[in-house]
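Chain identifiers are assigned alphabetically (A, B, ...) following the order of the sequence lines, protein sequences preceding nucleic acid strands; residue numbering begins at 1 within each chain.
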Number of protein chains: 2
Amino acid sequence: MTSLQSRLQSQFDIALRPPLGPLDGMAGPLARRLGAHAPLSSDDLAALSHLAIREAMITAHTDLVRQGDAAEGAFLILEGIACRYVQRASGARQILALLLPGDLCDPDLAHLERWDHGIATLSPCRVARVPQAAVEDLIAHHPAVALALRRSKLEAEARSRSWLTALGIGLAVERLVRLFFEILDRLHAVGLADRNEGPLPLTQVDLAECIGISTVHVNRVLQELRRAGLLELKGGRLRLLDRASLEAVAGE
Amino acid sequence: MTSLQSRLQSQFDIALRPPLGPLDGMAGPLARRLGAHAPLSSDDLAALSHLAIREAMITAHTDLVRQGDAAEGAFLILEGIACRYVQRASGARQILALLLPGDLCDPDLAHLERWDHGIATLSPCRVARVPQAAVEDLIAHHPAVALALRRSKLEAEARSRSWLTALGIGLAVERLVRLFFEILDRLHAVGLADRNEGPLPLTQVDLAECIGISTVHVNRVLQELRRAGLLELKGGRLRLLDRASLEAVAGE
DNA sequence: CGTAGGTTTGAAAGCCTTCAACGACGGTGG
DNA sequence: CCACCGTCGTTGAAGGCTTTCAAACCTACG
């Protein structure tokens with residue numbers, strides 16, 4: 001493991017310790033995520049914890065699934081940040097969605113012949129491959145988990161809608177701030193970040209590919225936000241200093 | 001019914017007559033759409049045809065569901081073009097997806113408390129409201145239909161991904177041409193258009209809201225395409241004159 | 001014949017991109 | 001321990017795509 005990895009992992013570890021909810025204990029981020037959507041029994045939780053076998057540590061900026069690959073089982077992100085993306089022949093890449101710890105992707109894609117998009121790590125990630133059968137088994141025998149998965153999917157779709165909206169009608173600043181809100185909120189939901197501060201192990205290139213603007217412009221927008229005293233971002237750590245003003249910038 | 005409506009309806013009717021597939025007969029566009037995803041028995045088809053009760057003719061630019069409404073049953077578009085959209089307080093509107101004849105929306109949204117987006121007609125539409133119970137019933141008793149619905153949903157998600165990608169990394173021309181391709185391809189799939197020609201009852205404002213650019217710019221891009229002899233668009237009818245060049249413009 | 005909605009046009013300005021180069025930082029290897 | 005190197009961040013200048021504002025045109029409809 002490179003020291004880059006250990007640096008980033010420790011970022012998450014630090015945030016992981018303090019405020020553990022009632023469901024936590026030994027349960028992983030998946031249980032924490034799903035538990036927020038539907039009440040899970042200890043039996044459900046046990047089943048979930050058995051899901052994450054075949055873990056692996058993956059370095060940053062590595063493909064988990066390449067565009068065009070044959071459809072296979074699902075992935076579970078245990079640590080780090082990954083993404084779905086589309087890459088054009090021109091080399092341009094658009095990130096479609098972020099995959100954060102606790103995200104299970106993609107139970108439903110089984111019916112698709114081939115992946116029409118790729119999945120790649122952005123930061124170093126601990127990832128578990130989950131066979132399709134295991135997911136189906138889980139859904140069949142644990143209705144509460146199935147419900148939570150459905151709700152979690154709906155949430156992801158809603159996020160995708162607002163992501164698309166931001167791309168369609170939003171200046172660069174707005175898109176960037178919204179992205180920061182989304183990341184912090186989602187990390188917060190699984191206990192990996194504070195509401196206004198958390199790890200952000202993404203490069204400016206990654207951010208640019210999320211919100212559909214050039215890297216250079218990401219840099220300039222960031223500096224403007226910093227100069228205005230609205231946020232801090234350094235060393236892979238993001239702090240929102242003036243949430244009210246930031247919300248005004250994000251609009252709506 | 002206004003004469004605008006009758007004009008547009010007849011556009012669809014004309015295209016509807018000629019090449020009818022084996023599944024057609026009296027089956028509506030929904031059956032045609034779903035039949036493409038999974039083989040349906042005559043029993044399945046009968047069940048589908050009973051779904052579309054409570055039809056109504058709706059004028060163009062009318063809300064079927066408003067953002068913030070309580071979640072309810074599904075809609076079935078029988079004729080015309082509708083859309084999902086998000087509207088900002090600023091008045092800016094982003095269209096998320098088009099709903100074409102045969103599209104059923106939204107069997108899955110039942111678990112969401114409130115609609116986070118609206119649904120509105122763009123052209124005059126014939127629409128049927130489908131109670132949630134009817135959809136669930138259909139899925140429970142007609143596995144082939146359930147499968148077709150799942151596949152159709154996957155297809156919609158794939159479209160949403162490429163829509164998002166176009167917004168993120170594409171010039172205005174590219175986005176517009178891709179939109180035209182999508183519309184013609186989808187209409188073609190349900191027998192309502194030729195591969196290179198079909199009805200396009202959308203205003204330039206609608207097009208602008210689909211691809212996230214200003215109305216004025218839609219107009220300028222359109223004229224460029226016309227001047228280059230790549231397409232014709234007038235009187236609600238679109239003709240692609242040079243598919244090869246258009247595909248080059250759309251990229252990838 | 002007037003009105004409303006949709007389309008077209010021009011000019012000015014703005015947001016963002018591109019290209020290119022430099023600075024900063026941490027890790028690797030000597 | 002220091003030098004080298006790659007990745008990431010930063011900066012400037014020039015240009016391009018797109019927006020905004022405003023006004024004119026056109027067509028279908030009442």
Side-chain angles (χ1 to χ4, degrees), chain A residues 1-8 10-11 59-62 90-94 121-124 166-176 200-209 211-227 232-238 249 251, chain B residues 1-8 10-11 59-62 90-94 121-124 166-176 200-209 211-227 232-238 249 251:
Chain A
M1 185 191 312
T2 71
S3 81
L4 174 63
Q5 283 179 353
S6 61
R7 175 169 63 82
L8 289 169
S10 69
Q11 287 178 357
T59 61
H61 297 110
T62 307
S90 65
R93 179 164 104 151
Q94 175 65 42
T121 58
L122 294 178
S123 77
L167 283 189
I169 52 174
L171 298 186
V173 214
E174 177 187 330
R175 300 192 211 170
L176 188 58
L200 188 73
L202 303 186
T203 68
Q204 293 186 354
V205 176
D206 298 330
L207 295 173
E209 289 175 339
I211 62 181
I213 69 179
S214 71
T215 313
V216 175
H217 200 53
V218 165
N219 185 298
R220 291 197 231 272
V221 170
L222 264 179
Q223 312 230 24
E224 231 171 83
L225 290 170
R226 284 196 270 241
R227 252 179 266 128
E232 268 178 18
L233 173 56
K234 60 182 174 192
R237 202 147 188 90
L238 170 67
V249 168
Chain B
M1 187 189 306
T2 71
S3 82
L4 175 63
Q5 282 178 357
S6 61
R7 177 169 62 83
L8 289 166
S10 70
Q11 286 180 357
T59 60
H61 297 111
T62 305
S90 66
R93 178 164 106 153
Q94 175 65 43
T121 59
L122 294 178
S123 77
L167 283 187
I169 52 173
L171 298 186
V173 214
E174 176 187 328
R175 300 191 210 171
L176 188 58
L200 188 73
L202 304 186
T203 68
Q204 293 187 354
V205 176
D206 297 331
L207 295 173
E209 289 174 345
I211 63 183
I213 69 178
S214 70
T215 312
V216 174
H217 200 52
V218 165
N219 186 296
R220 290 198 233 271
V221 171
L222 264 179
Q223 312 230 22
E224 230 170 86
L225 290 170
R226 283 196 270 241
R227 251 178 269 129
E232 267 178 19
L233 173 56
K234 60 182 175 192
R237 208 155 178 86
L238 171 67
V249 167

Can you tell me how far [atom2] of [N] sits from [atom1] of [X], to the nearest Å?
X: B/L207; N: C/dG6; atom1: CG; atom2: C1'; value: 12 Å
X: A/R227; N: D/dG9; atom1: CZ; atom2: C1'; value: 14 Å
X: B/L222; N: C/dG6; atom1: CG; atom2: C1'; value: 13 Å
X: A/I169; N: D/dT18; atom1: CD1; atom2: C1'; value: 16 Å
X: B/R237; N: C/dG6; atom1: CZ; atom2: C1'; value: 20 Å
X: B/E174; N: D/dC17; atom1: CD; atom2: P; value: 14 Å
X: B/E224; N: D/dT18; atom1: CD; atom2: C1'; value: 12 Å
X: A/N219; N: D/dT10; atom1: CG; atom2: C1'; value: 5 Å

Which heavy-atom pair separates [X] from [Y] by the least distance, and what is that distance?
X: A/I211; Y: A/V218; result: CD1-CG2, 4.5 Å
X: A/I213; Y: A/A172; result: CD1-CB, 3.8 Å
X: B/G168; Y: A/Q94; result: CA-OE1, 3.2 Å

message = Would you say A/Q204 places a side-chain N or O within less than 4.0 Å of OP1 or OP2 belonging to D/dT7?
response = no
Phosphate contact (C/dT9 OP1 or OP2) by B/Q223 side-chain N/O below 4.0 Å = yes
key: Contacts of B/T121 that satisfy side-chain hydrogen bond (donor to acceptor under 3.5 Å, both in side chains) - sequence neighbours left out   = none
note = B/R93 meets the salt bridge (charged side-chain N to carboxylate O under 4.0 Å, His left out) criterion, sequence neighbours left out, with B/E209
message = If the condition is salt bridge (charged side-chain N to carboxylate O under 4.0 Å, His left out), which residues does B/E232 pass it with, not counting sequence neighbours?
response = B/R239
inquiry  = Between B/L225 and B/L233, does the side-chain contact (heavy atoms from CB on, under 4.5 Å) criterion hold? Intermediate values first, please.
reply    = CA-CA 10 Å; B/L225 290 170; B/L233 173 56; over 6 Å; no
task = Show your working on side-chain contact (heavy atoms from CB on, under 4.5 Å) between A/R175 and A/V221 and close with a plain yes or no.
result = CA-CA 10 Å; A/R175 300 192 211 170; A/V221 170; over 6 Å; no
key: Bend angle of the helix from C/dC1-D/dG30 to C/dA21-D/dT10, from helix axes over five pairs at each end, nearest 10°   = 40°
key: Partners meeting side chain to side chain contact (heavy atoms under 4.5 Å, CB included) with A/Q223 (sequence neighbours left out)   = A/N219, A/R226, A/R227
ask   = In the 5'-to-3' direction, what one-character label does each nucleotide of nucleotides 11-24 of chain C receive under the scheme B = base within less than 4.0 Å of a protein heavy atom, S = sugar-phosphate only, - = no such atom?
value = B---SSBBB-----
message = Can you tell me which nucleotide in D/dG9, C/dG6, C/dT8 comes closest to the side chain of B/H61?
response = C/dG6
